[in-house]
Structures are given as structure tokens and as C-alpha cells.
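Working notes, beginning with the structure itself.
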Protein chains: 2
Amino acid sequence: MNALFKALNDPTRRAILERLRAGPATAGAIAEQFQFSAPTISHHLDLLRQAELVTSQKQGQFVVYTLNMTVFDELLGWLYQFKS
Amino acid sequence: MNALFKALNDPTRRAILERLRAGPATAGAIAEQFQFSAPTISHHLDLLRQAELVTSQKQGQFVVYTLNMTVFDELLGWLYQFKS
DNA sequence: ATTTTATTTAGACATTTGCCTAAACATTGA
DNA sequence: TCAATGTTTAGGCAAATGTCTAAATAAAAT
């Protein structure tokens with residue numbers, strides 16, 4: 001839960017998640033959309049992975065990142081306790 | 001949206017929200033439940049108020065904090081885009 | 001009036017965060 | 001094998017964060 005909220009508490013990381021809604025993408029393709037350096041984006045991706053918001057698979061020299069929507073359910077569950 | 005995620009990115013603040021599910025409470029009553037100093041809790045309450053997750057009304061020398069569930073809908077809306 | 005009680009504001013300090021550049025690692029292609 | 005490409009790791013730095021104590025503010029009680 002901590003890692004989840006931490007990962008979401010950054011506009012760049014939230015934008016990465018929104019980008020991945022369109023489908024999996026390589027680290028490089030993701031990095032192209034932002035003005036930050038590749039290492040910076042790599043670090044953001046690492047935090048998203050720690051929160052299990054994304055998964056990564058190595059494909060040759062590329063690393064493909066994919067949204068993991070499973071974790072959203074955990075978050076929704078936490079939020080729903082406030083809806084009653 | 002930024003203030004919202006920022007406010008949620010702290011276990012003490014999330015615990016305060018959960019405390020307020022049981023009903024409104026004064027700053028002092030909230031602070032009693034934690035090991036932190038009153039100023040620290042006051043600061044957390046300030047961040048929750050900035051995110052509009054809580055409202056506060058002064059009642060005599062007390063300040064009563066109340067959950068504001070309205071903002072949760074905004075968050076649910078953001079999450080929902082990932083569910084399809 | 002003065003003191004007590006409730007809360008916030010101010011200022012300091014250590015830790016965490018987000019960014020960078022340089023270097024390392026891993027895979028592909030000449 | 002050597003060079004090019006894609007990505008991560010390492011290390012450094014400024015800004016933000018979470019905590020504290022001391023002081024200020026405001027209302028209540030004596």
C-alpha cells in the first residue's frame with residue numbers, strides 16, 4: 001500500500017501509466033515522450049514496478065513495460081471503505 | 001490531483017482518514033491516537049485539508065475535522081479509466 | 001485579570017525525492 | 001571482434017518532506 005501511493009504521487013509516473021493504457025511500450029519509447037533523461041525515466045519505471053503497477057519483460061536489448069491493473073483493485077478496495 | 005495524491009502518500013494521514021470514518025473529531029482527539037506531537041498532526045491535518053479530503057470547523061477553542069468524501073469520487077474517476 | 005487548555009505557526013534538522021551526468025551492462029550488427 | 005544501441009546503476013545535488021521544540025494565538029475557567 002505504501003509503495004502504491006508512493007508510486008502514484010508523481011505526475012510523471014501517472015503520465016507513464018496513462019501512456020501504458022494504450023498498450024505495452026519499451027523503456028525508450030516511454031522516455032521519448034518526456035523531457036527527462038533516460039535514467040530518470042528508468043528510475044520512475046522502477047518505482048512503478050516496485051508498486052507492481054507495471055511489469056517488465058526483456059525482449060532482446062529492449063525492455064517492454066506493461067500495465068498491471070490487478071493492483072488497482074487493491075486501491076479501489078481501500079477507497080470503497082469510505083463510500084459507505 | 002497533485003495535492004490529493006500527496007496527501008494520501010503518508011500512512012499517518014491515511015490512518016487519520018480512517019479514524020474520521022467513525023465520525024468528526026477534534027484535532028486533539030485525533031492527535032491522541034498517534035505518538036507524534038500535536039504540531040506534527042496539525043501539519044498532517046493541514047495537508048489533508050489542502051487536498052480537500054477533510055474540512056474543519058472551529059467550535060469554541062476546539063477545531064473539529066470532518067471527512068469530505070466528495071474528493072474520493074475524483075480519485076475513483078481517475079482510477080476508472082484504467083479498468084476498461 | 002490571570003492561568004489553563006486547544007491548536008497553529010515558525011524555525012530547525014535529518015531523510016527522502018527527483019533530477020542530472022558519467023559509467024556500466026547487455027544485446028545486436030558490421 | 002568491435003562498435004552501436006537500449007537500458008540500468010552509481011553518485012551527486014537541490015528541493016521537498018516529516019519530525020521536533022519553542023513560541024504565538026484563541027477561547028475557557030478560575
Side-chain angles (χ1 to χ4, degrees), chain A residues 1-20 22-68 71 75 78, chain B residues 1-20 22-68 71 75 78:
Chain A
M1 210 61 167
N2 249 316
L4 181 53
F5 281 110
K6 174 176 173 174
L8 292 175
N9 185 31
D10 181 272
T12 302
R13 289 194 289 272
R14 293 197 299 274
I16 290 173
L17 293 177
E18 288 168 14
R19 161 65 181 83
L20 290 177
T26 65
I30 294 167
E32 274 178 9
Q33 307 196 328
F34 299 93
Q35 295 180 321
F36 301 119
S37 68
T40 292
I41 297 300
S42 179
H43 180 234
H44 282 313
L45 288 168
D46 187 40
L47 291 176
L48 289 171
R49 202 177 23 188
Q50 282 177 40
E52 296 180 72
L53 285 162
V54 303
T55 57
S56 64
Q57 308 93 34
K58 186 148 196 176
Q59 288 188 5
Q61 61 186 327
F62 300 89
V63 178
V64 176
Y65 284 85
T66 308
L67 250 191
N68 173 28
V71 191
L75 185 48
W78 185 82
Chain B
M1 207 63 169
N2 249 314
L4 180 53
F5 281 110
K6 173 176 173 172
L8 292 175
N9 185 32
D10 181 273
T12 302
R13 288 194 290 270
R14 293 197 298 273
I16 291 173
L17 293 177
E18 288 168 15
R19 162 67 182 82
L20 291 177
T26 66
I30 294 167
E32 273 176 9
Q33 306 195 329
F34 299 92
Q35 295 181 321
F36 300 118
S37 67
T40 292
I41 298 299
S42 180
H43 180 234
H44 282 312
L45 289 168
D46 187 38
L47 290 177
L48 289 171
R49 202 177 23 192
Q50 282 177 40
E52 297 180 72
L53 284 161
V54 304
T55 58
S56 64
Q57 308 93 38
K58 186 148 197 175
Q59 288 187 5
Q61 63 187 326
F62 300 89
V63 177
V64 178
Y65 284 85
T66 308
L67 249 191
N68 172 29
V71 192
L75 184 49
W78 185 82

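Chain letters run A, B, ... following the sequence lines, proteins first, then strands; residues in each count from 1. These figures come from a predicted structure and were not determined experimentally.
Atoms CD (Q61(A)) and C1' (dT28(C)) sit 5 Å apart, rounded to a whole Å. Remark: P of dT8(C) and CZ of F36(B) are 17 Å apart, rounded to the nearest angstrom. In this structure, the CD1 atom of I41(A) is 16 Å from the C1' atom of dT21(C), given to the nearest Å. F62(B) has its CZ atom 5 Å from the P atom of dA6(C), to the nearest Å. Protein atom NE2 of H43(B) is 13 Å distant from nucleotide atom C1' of dG11(C), rounded to whole Å. As rounded to whole Å, 15 Å separates atom C1' of dT17(C) from atom CG of L48(A).
Heavy atoms of D10(A) sit under 4.0 angstrom from primed sugar atoms or phosphate atoms, though from no base atom.
Contact check for Y65(B) versus I30(B): side-chain heavy atoms found under the 4.5 Å cut-off. The shortest side-chain heavy-atom distance between L20(A) and T66(A) does not fall under the 4.5 Å cut-off. Between V63(B) and Q57(B), every side-chain heavy-atom pair lies at or beyond the 4.5 Å cut-off.
Taking the side chain of R13(A) as heavy atoms from C-beta on, and the options dT8(C), dA26(C), dG18(C), the nearest nucleotide is dG18(C).
A donor-acceptor pair shorter than 3.5 Å cannot be found between the side chains of R49(B) and T55(B).
Between K6(A) and dT17(C), a side-chain N or O to OP1/OP2 separation shorter than 4.0 Å is present. In this structure, Y65(B) does not reach the dA6(C) phosphate: none of its side-chain N or O atoms is under 4.0 Å from OP1 or OP2. Between S42(B) and dT7(C) there is no side-chain N or O to OP1 or OP2 distance below 4.0 Å. Between dC19(C) and S37(A), no contact under 4.0 Å exists linking OP1 or OP2 to a side-chain N or O. A sub-4.0 Å separation between OP1 or OP2 of dC19(C) and a side-chain N or O of H44(A) is present.
Residues satisfying the salt bridge (charged side-chain N to carboxylate O under 4.0 Å, His left out) test with R19(A), not counting sequence neighbours, are none.
For the side-chain contact (heavy atoms from CB on, under 4.5 Å) criterion with R13(A), the lone passing option out of L8(A), L53(A), L48(A), V54(A) is L48(A).
Mapped onto DNA chain D by nearest heavy atom, V64(A) and P39(B) fall at different nucleotides, with V64(A) at the one closer to the 5' end. Projected onto DNA chain C by closest heavy-atom contact, K58(A) and Q35(A) fall at different nucleotides, the more 5' of which corresponds to Q35(A).
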**Asked** Do N2(B) and K6(B) pass the side chain to side chain contact (heavy atoms under 4.5 Å, CB included) test, and can you show the C-alpha distance, the side-chain angles, and the key distance before you say yes or no?
**Response** CA-CA 6 Å; N2(B) 249 314; K6(B) 173 176 173 172; over 6 Å; no

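A nucleotide of DNA chain D counts as in contact with chain A when one of its atoms lies under 4.0 Å from a heavy atom; the first and last such, 5' to 3', are dT5(D) to dT9(D).
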